[in-house]
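Heads up, the thing below is written out as structure tokens.
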Amino acid sequence: MDNLRIDGARLWHTIMETAKIGGTPKGGVNRQALTDLDGQVRRRLIAWAEAAGCTVTIDQVGNIFARRPGRDPSLPPVAIGSHLDTQPTGGKFDGILGVLAGLELIRTLNDANYETEAPIELINWTNEEGARFAPAMLASGVFTGRFALDYALDRADRDGKRFGDELKRIGFAGETPAGDHKLAAFFELHIEQGPILEAEAKTIGVVTGVQGIRWYHFRVTGQDSHAGTTPMNHRHDAFQGLARFAVALDRIARDEGGGAVATIGVVEVQPGSTNVVPGAAAATIDMRHPDDEALDRMETAFRAAAARIAQELGIEISFDTTWAAPAVRFDNDCIAAVRAAAEAGGHGYRDIVSGAGHDAANLAAITPTAMVFVPCAGGISHNEAESITEADAAAGTNVLLQAVLSVANRR
Ligand code: HGY
Ligand code: MN
Ligand code: MN
């Protein structure tokens, strides 16, 4: 292992500078994909990367690639990175740590005049969160062939704005075909976004894979009617249908166990008047489990529950699957490189499967991939209170550095 160490204070300063772009009064960050703020932070990253001697290219879905040359330019780059877009009530670190740790890794190699055999490529993936444009991990999905380019460009946000138009508007509709080049490997540093590492006082998570994720949009159709004159047994109340379904879905996840989770995060009720029994409702489902067969069981169960509820209330409930990402196992050599780096760094570590989705889950389909986790306070994320320590950010970045060097120096 090289005895290189990153500059933790410089990394922390860079993270805090970046957090000002879209910073919220509660200390979080609201910098949703393809907003002006996303454009601003992208330009800041490019300026930093070019100042660090990188050559920058942008692909057709706005993914940013900042390449640091290696001794042998014919070798495919070892890639590092994550995402700069955030949830509406996001934190300072989700995704951002991985991108800025990659920048710090490059700055550290420059300070040491250290030349790797293979190039190093820092990547910012567009629209990882999926908060504005569903599904999540959209642009890394185009790069890895999971989604077609036109499918991505035609995605629209709740105001009907097209992904492709917004990409052009902020100036990041690149020429480079998405997925145009091979990567030797991909490593992503990320906060755990859950409570396990902190609870076990471990600094490093050696991430072995990502659980399966399914998103659905569902509609409930009943009948608008007068809240005062319609007897309870004459109603076709769409909100009651949604509410009973929500309780049933929660029970299905708890009964499945084994890490099963299910969330209804967006709800709309029409017509939205105090004295009208709602005739229409719509909502989203995010359902996850480490085992795809368990997700199949949960889907069968919630469809049966919806049929029963529809019968009871004389309403209709229909589902669209808007995203289905299978459970992913990362590359054993890359996992071993992360584990060896954690060990060499003297950090407490444990293997862990990611509960959150990440671009690395897409990259694993086309190149050897692994992730490094660091703890976040209380396991809180997708919340403005998200926080990590400067020491853990440095530890995670040093582990990332050593894992990357062990691959980038292979001849
Ligand atoms: O949804 C996820 O798991 C990721 O944080 N976008
Ligand atoms: Mn993330
Ligand atoms: Mn996230």
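Because the structure is a prediction, the values reported are computed rather than measured. Atoms within each ligand, like the ligands themselves, are counted from 1 in listed order.
- When D286, D296, D292 are each tested for a side chain to side chain donor-acceptor pair (under 3.5 Å) with R214, only one passes: D296.
- The shortest N/O to N/O separation between Q87 and ligand 1 does not fall below 3.5 Å.
- Put simply, the side chain of V372 does not reach to within 4.5 Å of the side chain of E188, judged on heavy atoms.
- Under the ring pair (Phe, Tyr, Trp, His ring centres under 6.0 Å) test applied with F163, the options F133, F172, F147 reduce to a single match, F133.
- Among the atoms of H358, none of the N, O or S atoms falls under 2.8 Å from the Mn ion (ligand 2).
- Against a heavy-atom cut-off of under 4.0 Å, G357 is close to the following atoms of ligand 1: 2 (C), 3 (O), 4 (C).
- Seen from the ring of W48, R107 counts as a face-on cation partner, given the 6.0 Å and 45° thresholds.
- Using a cutoff of 4.0 Å between basic side-chain nitrogens and carboxylate oxygens, E316 and R219 are not scored as salt-bridged.
- Nearest N/O/S atom of H83 with respect to the Mn ion (ligand 2) is recorded as NE2.
- The closest non-hydrogen atom to atom 1 (O) of ligand 1, taken over Q193, R288, H382, comes from R288.
- Interface atoms of ligand 1 facing E128, defined by a heavy-atom separation under 4.0 Å, are 4 (C), 6 (N).
- Taking backbone and side-chain atoms together, E129 has an N/O/S atom less than 2.8 Å away from the Mn ion (ligand 3).
- Between E299 and R303, at least one side-chain nitrogen of the basic residue sits less than 4.0 Å from a carboxylate oxygen of the acidic one, meeting the salt-bridge criterion.
- Note: F373 and H358 meet the aromatic proximity criterion, with ring centroids under 6.0 Å apart.
- Residue contact check: A356 has heavy atoms under 4.0 Å from atoms 3 (O) of ligand 1.
- In H358, neither the side chain nor the backbone holds a heavy atom less than 4.0 Å from any atom of ligand 1.
- Considering the Mn ion (ligand 3) as centre, the angle to OD2 of D94 and to NE2 of H382 is 90° (10° rounding).
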